[in-house]
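One is the number of the first residue; the rest follow in order along the sequence.
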Amino acid sequence: MAELTTATGSEEAVAAPADEAPATVTPETVALRKVQGALAKPAVVKTARAMSLFGEHAGGWLAIGAVGALVDRERRGEWLTAAAGVAAAHAASIAVKRVVRRRRPSDPEVQVLVGTPSKLSFPSSHATSTTAAAVLYGGLTGKKLTPAVVPPMMVSRLVLGVHYPSDVVAGSALGGAVAWGVRRFMRRRRNRG
């Protein structure tokens with residue numbers, strides 16, 4: 001998915017290497033600059049980096065699913081199915097990234113504050129797996145996890161300068177869609193058994 005490239009008189013061109021056309025500053029780049037300017041304070045960045053590590057390759061969410069399966073023996077199958085749903089959401093985000101091939105932000109006014117496993121940006125895999133985990137594990141625990149964990153993860157990706165706003169919104173939507181499908185599957189299986 002390409003960034004919007006409509007330029008107005010108030011937008012400026014960003015210097016690019018001689019072999020590339022100058023990049024146009026987009027509304028998403030401006031929004032990313034503003035988020036970083038307002039929130040990228042040391043304590044917030046430290047927390048965002050910890051969230052990034054937790055969400056890398058959905059590892060933290062998969063570990064929670066495994067713990068749920070070990071602790072809640074009566075619903076072990078449901079926990080394992082939910083964890084598989086988180087893994088499927090993560091895999092779907094990687095597949096979409098490889099098709100869309102949108103590059104991560106590279107604006108000189110945006111600081112990249114964490115390493116990433118690839119240069120591809122759309123959609124945010126962290127937002128995808130976090131949303132899937134919040135919906136699926138929330139259904140198993142009876143807790144409303146989505147408002148507690150999804151917005152902070154989405155904002156953390158902007159604070160760290162590794163995603164555009166549309167990357168995190170699309171990632172969250174993808175994670176929600178995968179989780180919806182998995183929950184529907186789990187309900188049908190529960191009703192049959």
Side-chain donor-acceptor contact under 3.5 Å, R157 with S52: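 A pair is found: one side chain offers a donor N or O, the other an acceptor, under 3.5 Å apart.
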T29 side chain to T26 side chain, donor-acceptor N/O pair below 3.5 angstrom: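 There is such a pair between these side chains.
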Value rounded to 0.5 Å, distance of CZ in R103 from OG in S121: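 Those atoms lie 10.0 Å apart.
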From OH (Y137) to CG (L145), nearest 0.5 Å: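 The distance works out to 10.5 Å.
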Salt-bridge present (R190, E78; N to O < 4.0 Å):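 Yes, R190 and E78 are salt-bridged.
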Backbone N/O of A69 and side chain of D72: donor-acceptor pair under 3.5 Å: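 Side chain of D72 to backbone of A69: no pair is present.
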Backbone of G175 reached by a side-chain donor or acceptor of T131 within 3.5 Å: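 The answer is no, because no donor-acceptor pair under 3.5 Å joins these two groups.
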In one Ile/Leu/Val/Met/Phe/Trp/Tyr side-chain cluster, 4.5 Å: V44, V112: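 Yes, V44 connects to V112 through the hydrophobic network.
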Heavy-atom check, side chain of L140 versus side chain of M186, under 4.5 Å: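 Side chain of L140 against side chain of M186, heavy atoms only: contact under 4.5 Å found.
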4.5 Å side-chain heavy-atom contact, H57 and P117: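 In short, these two side chains touch, coming nearer than 4.5 Å.
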K144 atom NZ, neighbour heavy-atom count above 12 within 6.0 Å: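 It does not: K144 NZ has 12 such atoms or fewer within range.
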W61 versus S129, closest heavy-atom pair with distance: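 It is CD1-OG, 4.0 Å.
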Candidate list E28, H126, R102, R104, test side-chain hydrogen bond (donor to acceptor under 3.5 Å, both in side chains), partner H163, passing option: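 Among E28, H126, R102, R104, the one meeting side-chain hydrogen bond (donor to acceptor under 3.5 Å, both in side chains) with H163 is R104.
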